[in-house]
Amino acid sequence: MDRQQQIILWLQQDNQRMIALRTARRLGLNDWCLGAGFVRNLVWDRRHGYADATPLNDIDVIHFDPQRPEAERDRMLEARLQQWLPQPWSVKNQARMHLRGGRAPYRDSEDAISFWTEVETAIGVRLNADDSLTLVAPFGLDALFNDSITFNAKNGDLSAYQRRVAEKGWLARWPRLRQVKF
């Protein structure tokens with residue numbers, strides 16, 4: 001089984017993640033996915049043989065809608081998701097997130113996540129109308145299976161990377177992980 005099929009199978013076997021995907025799909029967003037720890041943590045858990053999923057700090061919903069980039073709309077979408085499924089949701093329209101990093105506007109969600117701090121974090125999954133899953137992975141899937149936390153030089157903020165690794169406790173939670181530079 002290739003890595004993409006393996007991740008999709010793991011997602012399909014995870015009832016909580018599938019419920020979150022179905023809930024997010026109800027919003028009908030353009031170019032959306034659930035990203036960051038949503039996929040990364042699942043793969044690291046499975047690679048470490050953990051039977052119980054590591055709890056998510058939040059569920060990151062990213063989407064790309066240049067016609068409605070307002071942060072207030074994202075807050076409204078978070079509130080709607082919270083009504084449907086009480087979870088710590090975080091919704092971010094990537095059409096405005098380039099401003100945070102002082103970058104040129106992103107082309108789409110995949111372009112946006114290619115600037116995230118760690119290569120392994122730059123992955124998302126979308127539940128399509130036919131219930132198939134699509135992975136969004138601008139750097140591919142190899143890093144997720146290499147037991148690594150890889151600094152994304154495209155992001156350019158090494159101090160943010162070091163701070164995130166320390167604050168999030170990844171090396172303690174998943175002790176086989178090692179830090180590498182991309």
Side-chain angles (χ1 to χ4, degrees), residues 2-4 6-11 13-14 16-17 20-21 24 32-64 71 74 78 81 87-94 96-104 106-126 133 135-182:
D2 73 18
R3 291 175 171 172
Q4 178 174 327
Q6 182 64 75
I7 293 171
I8 288 171
L9 178 62
W10 286 339
L11 286 161
Q13 293 170 341
D14 188 309
Q16 297 295 2
R17 280 179 168 79
L21 282 160
W32 73 277
C33 64
L34 301 187
F38 191 82
V39 176
R40 180 200 63 220
N41 291 6
L42 175 65
V43 172
W44 285 351
D45 282 345
R46 294 295 180 109
R47 298 270 309 149
H48 279 74
Y50 297 162
D52 295 326
T54 299
L56 295 169
N57 296 333
D58 59 9
I59 300 174
D60 293 292
V61 180
I62 68 161
H63 65 108
F64 192 84
D74 285 346
E78 285 174 3
L81 287 167
Q87 294 287 328
W89 295 94
S90 173
V91 178
K92 297 285 186 290
N93 185 345
Q94 301 302 297
R96 74 167 186 283
M97 298 311 289
H98 66 285
L99 299 170
R100 181 183 284 183
R103 298 185 176 92
Y106 300 133
R107 295 183 308 274
D108 53 27
S109 289
E110 184 170 1
D111 184 39
I113 68 174
S114 77
F115 286 91
W116 287 1
T117 308
E118 309 85 28
V119 170
E120 294 80 4
T121 301
I123 184 166
V125 61
R126 171 183 318 111
L133 296 171
L135 296 178
V136 179
F139 300 112
L141 304 173
D142 290 345
L144 272 174
F145 286 83
N146 288 340
D147 297 328
S148 59
I149 306 172
T150 311
F151 170 61
N152 180 7
K154 187 175 178 179
N155 172 278
D157 192 344
L158 183 58
S159 63
Y161 163 79
Q162 292 167 332
R163 185 173 52 253
R164 283 174 52 83
V165 171
E167 289 174 358
K168 292 187 175 280
W170 291 329
L171 297 172
R173 172 68 185 155
W174 297 284
R176 291 195 344 234
L177 296 179
R178 67 196 185 318
Q179 295 184 62
V180 298
K181 288 189 179 180
F182 184 61

* Heavy-atom check, side chain of Y50 versus side chain of W44, under 4.5 Å -> no

* Got a sec, which residues hit salt bridge (Lys or Arg N to Asp or Glu O under 4.0 Å) with R40, two or more places apart in sequence or on another chain? -> none

* Evaluate the side-chain contact (heavy atoms from CB on, under 4.5 Å) criterion for residues D45 and R173: first the C-alpha distance (whole Å), next the side-chain angles of each, then the deciding distance (0.1 Å), finally the verdict. => CA-CA 9 Å; D45 282 345; R173 172 68 185 155; 3.7 Å; yes

* Would you please name every residue forming a salt bridge (Lys or Arg N to Asp or Glu O under 4.0 Å) with R46, sequence neighbours left out? => none

* To do: Could you check whether the rings of F145 and W10 sit parallel, tilted or perpendicular, using 30° and 60° as the cut-offs?
  => parallel

* Structure fact -> In terms of heavy-atom contacts, I113 and A122 come closest through O-CB, 3.1 Å

* **Side chain proximity check, I149 to L171, heavy atoms < 4.5 angstrom** => yes

* What do the steps show when you test D147 against R47 for salt bridge (Lys or Arg N to Asp or Glu O under 4.0 Å), and what is the final call? -> CA-CA 8 Å; D147 297 328; R47 298 270 309 149; 3.2 Å; yes

* Min side-chain heavy-atom separation L21-L133 under 4.5 Å -> yes

* Starting from the C-alpha separation in whole Å, work towards a yes-or-no answer on side chain to side chain donor-acceptor pair (under 3.5 Å) for H63 and D74. => CA-CA 10 Å; H63 65 108; D74 285 346; 2.9 Å; yes

* To do: Kindly compute the distance separating CG (L135) from CG (L141), expressed to the nearest 0.5 Å.
  => 6.0 Å

* Would you sort out whether T117 and N152 count as a side chain to side chain donor-acceptor pair (under 3.5 Å), showing the intermediate values? => CA-CA 5 Å; T117 308; N152 180 7; over 6 Å; no

* Identify the heavy atoms of L56 and G37 that sit nearest to each other, and give their distance. => CD2-O, 3.5 Å

* What is the distance from atom CZ of F151 to atom CD of E118, rounded to the nearest 0.5 Å? -> 9.5 Å

* Structure fact -> Nearest heavy-atom approach of W89 to A20 is CH2-O, 3.7 Å

* **Euclidean distance, Q94 CD relative to W32 CH2, rounded to 0.5 Å** => 14.0 Å

* What residues, two or more places apart in sequence or in another chain, satisfy side-chain contact (heavy atoms from CB on, under 4.5 Å) together with A36? -> D60, W116, T121

* To do: Verify, without hydrogens or angle tests, whether R103 (side chain) and A112 (backbone) share a donor-acceptor contact under 3.5 angstrom.
  => no

* Evaluate whether atom CG of D58 has more than 12 neighbouring non-hydrogen atoms of other residues, nucleotides or ligands under 6.0 angstrom away. => yes

* Got a second to check how far L144's CG is from R3's CZ, nearest 0.5 Å? -> 9.0 Å

* Which value, rounded to the nearest 0.5 Å, describes the distance between C33 atom SG and I123 atom CD1? -> 9.0 Å

* Asked: Under 4.5 Å between any side-chain heavy atoms of I59 and R17, yes or no?
  -> no

* Given T150 and E120, is the side chain to side chain donor-acceptor pair (under 3.5 Å) satisfied, shown in steps? -> CA-CA 7 Å; T150 311; E120 294 80 4; 2.6 Å; yes

* Find out whether R107 and F64 are in side-chain contact, i.e. whether some heavy atom of one side chain is under 4.5 Å from a heavy atom of the other. => no

* **Side-chain heavy-atom pair V43, Q6 within 4.5 angstrom cut-off** => no

* Asked: Any side-chain heavy atom of S148 within less than 4.5 Å of one from Q179?
  -> no

* Asked: Between R163 and K168, is any pair of side-chain heavy atoms under 4.5 Å apart?
  -> no

* Are side-chain N/O atoms of S109 and D111 paired as donor and acceptor at under 3.5 Å? -> no

* Structure fact -> To the nearest 0.5 Å, atom CG of N41 lies from atom OG1 of T54 at 5.5 Å

